[in-house]
Each structure stands twice: as structure tokens, then as C-alpha cells.
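Every chain is numbered from 1 and lettered A, B, ... according to where its sequence line falls, protein lines coming before strand lines.
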Protein chains: 2
Amino acid sequence: MNPVQFYKCLADDTRLRTLLLIVHEGELCVCELTAAMDLSQPKISRHLALLRGADLLQDRRQGQWVFYRINPALEGWAKSILQETLQANRHFIEADLRNLIQMGDRPLRATLCC
Amino acid sequence: MNPVQFYKCLADDTRLRTLLLIVHEGELCVCELTAAMDLSQPKISRHLALLRGADLLQDRRQGQWVFYRINPALEGWAKSILQETLQANRHFIEADLRNLIQMGDRPLRATLCC
DNA sequence: GCATTATATATGGAAAATCGCATATTCAAA
DNA sequence: TTTGAATATGCGATTTTCCATATATAATGC
């Protein structure tokens, strides 16, 4: 993973918030990200496609939803930098997390299903 | 320091190499950076101005040279991320470091002067 | 089985931001 | 004053961003 490519992915408000939210929550679907950040679906979708194309994110379809998580194959230093960025900048996604908690009808994860 | 602004600074080939070279060497002047990366002076100068404007770099004039170093007041997490990026991507500036070593007539640092 | 709804993805194209060369200017030393 | 080095700026070219819209896919209702 080229470090410049990696940092280009982080150098955008929507993408960085998306990544930090996913690091914090483990896995999120598009509708949850839309609700958390209060942004249009196409906008989020386009940025997710970019992050997936750069191999930072992995997607998993479950029913009608597509869940995104950090690509487990991402190099260690890159994962570590995402973690460190979150720890030092929790305030950056504070409001988004509040929106997420207040969101009604959040889709259930497979792990919570029977 | 806004994390998006910080990562915008790292999301460019010239700027990231500049930062990693300075982290590695402690302090470098413009002519050394020009020789190491084999890039035009205006190009490097413009990027240095941007990094200084974002408070990532600090400059110090000594005689005819201006030396750049990481701003000591930079937040800890940001410094730490620069260090970690360097450790995991030494190859990224390997050729530049070779050019630097081969460079003749490198300006002397104040600490080496009488 | 078929239509409907909800969700995600893809694309055209305009607006904005970024980049980098060429050039001019500033500053300090000899 | 002249020279070497850094900084500033105009401007074209490229890249990025984002809205509007269209398409694809899966679940739901009849």
C-alpha cells in the first residue's frame, strides 16, 4: 500500500469520518452511515466505493444491506494509524455517534441473528 | 489540529517525502531537499510554504539557508503518526536518502559550527 | 409469480480545488 | 553592487468533488 494513496483516502472529511466510525463500531451499513453523518446517500456511496477500491474497506452483503468493515488484510501500520487517529480525535465523530445511537430501526447484524 | 487538514498535508508525493526526510534527518534546508528528491526549487518551495502554513514545519534562517524541521509544538499524535509512517515505509525515501548522502557541499549546521 | 418498495451502485457533467511551471521579487552574504 | 538562495504569484492543466439521475438487486406485499 502506497502511503500517499493511503493518506489521500484520509484527506477528506466524509471519508475520514466514515473510516473512524467504522473503526469504532466494527461494521456499519450505508443507511447507518447516512443517518450518522446526515449526508446524501450518493455522496456516501461514492466515497465508500473509493475506499473499497483502495482496499481500505471490505463489503459484505446481508439481505438488503451491505455492511462495510476495515479490510482485515490492510497492512498493520495503516490499521494502527487509523486506531491512533481515532483515539486522539474522538471528538471528531462525537456528534455522528450520537446520531447513530438515536437512529431507530438499525439493521441487525448476522451475529445477533439466530 | 484538524485531522483532515493534517492528512491533506500528507496526501501528496512531494510533501510526504519532504516530511519523512525531515523526520529522518532532523533538519534540512531547501537546497538539500532539492538535491535529494531531484525536483525544481519552486515546486519544493511551494510545498514547504504550505506545510509551514499548516504548522507542520518550522523554519530557521541561518546565513543564506533556511532550515526546516518538524514543528516541536505539533500535537503528539501527529508526530507519532509521522514516525510510524517512516518506520513502515523507509523504502519510500530510500533513493532520496542516497542522493542526499552523495550530495557535495552540504551546508553545515549551527551545531557543527564553532 | 409479479409489482412495489427500499437499498446500493454507476455515470454525466459542472463547479471547485489542487498542482506545477514560468517568472518576478525579496533577502542576505560577499 | 553582484550573486546565490528562498519566496510569491499568475495561470493553464489536471484532478477531485458533488449533484441529479438512472440502473441493479433484494426483500415484501398482493
Contact between [X] and [Y] at the side-chain level, heavy atoms closer than 4.5 Å - yes or no?
{"X": "Tyr7(B)", "Y": "Thr85(A)", "value": "yes"}
{"X": "Arg17(A)", "Y": "Asp13(A)", "value": "yes"}
{"X": "Ile93(B)", "Y": "Leu86(B)", "value": "yes"}

Between atom [atom1] in [X] and atom [atom2] in [N], what is the gap in whole Å?
{"X": "Arg61(B)", "N": "dA5(D)", "atom1": "CZ", "atom2": "C1'", "answer": "8 Å"}
{"X": "Glu32(A)", "N": "dA8(C)", "atom1": "CD", "atom2": "C1'", "answer": "14 Å"}
{"X": "Leu39(B)", "N": "dC19(C)", "atom1": "CG", "atom2": "C1'", "answer": "13 Å"}
{"X": "Ile44(B)", "N": "dA6(D)", "atom1": "CD1", "atom2": "C1'", "answer": "12 Å"}
{"X": "Phe67(B)", "N": "dA5(D)", "atom1": "CZ", "atom2": "P", "answer": "12 Å"}
{"X": "Leu48(B)", "N": "dG20(C)", "atom1": "CG", "atom2": "C1'", "answer": "15 Å"}
{"X": "Leu16(B)", "N": "dT18(C)", "atom1": "CG", "atom2": "P", "answer": "17 Å"}
{"X": "Leu50(B)", "N": "dC19(C)", "atom1": "CG", "atom2": "P", "answer": "7 Å"}

Is the distance from OP1 or OP2 of dA8(C) to the nearest side-chain N or O of Ser45(A) less than 4.0 Å? no
Nearest to the side chain of [X], which nucleotide is it out of [options]?
{"X": "Asp12(A)", "options": "dT17(D), dA20(D), dG4(D)", "answer": "dT17(D)"}
{"X": "His47(A)", "options": "dC21(C), dC18(D), dA28(C)", "answer": "dC18(D)"}
{"X": "Ala49(B)", "options": "dA6(D), dA8(D), dG20(C)", "answer": "dA8(D)"}
{"X": "Pro42(A)", "options": "dA10(C), dC19(C), dC21(C)", "answer": "dA10(C)"}

Pick the nucleotide of DNA chain C nearest each of Gln64(A) and Lys8(A); which residue has the one closer to the 5' end? Gln64(A)
Classify Arg46(B) by what it touches in the nucleic acid, base, sugar-phosphate, or nothing, heavy-atom distance under 4.0 Å. base
Check every strand shown and say whether Thr14(B) touches a base, only sugar-phosphate, or nothing at a heavy-atom separation below 4.0 Å. nothing
Out of Ile22(A), Val23(A), Leu28(A), which residue meets the side chain to side chain contact (heavy atoms under 4.5 Å, CB included) rule with Glu25(A)? Leu28(A)
May I ask you to check whether Gln58(B) and Arg60(B) show a side-chain donor-acceptor distance below 3.5 Å? no
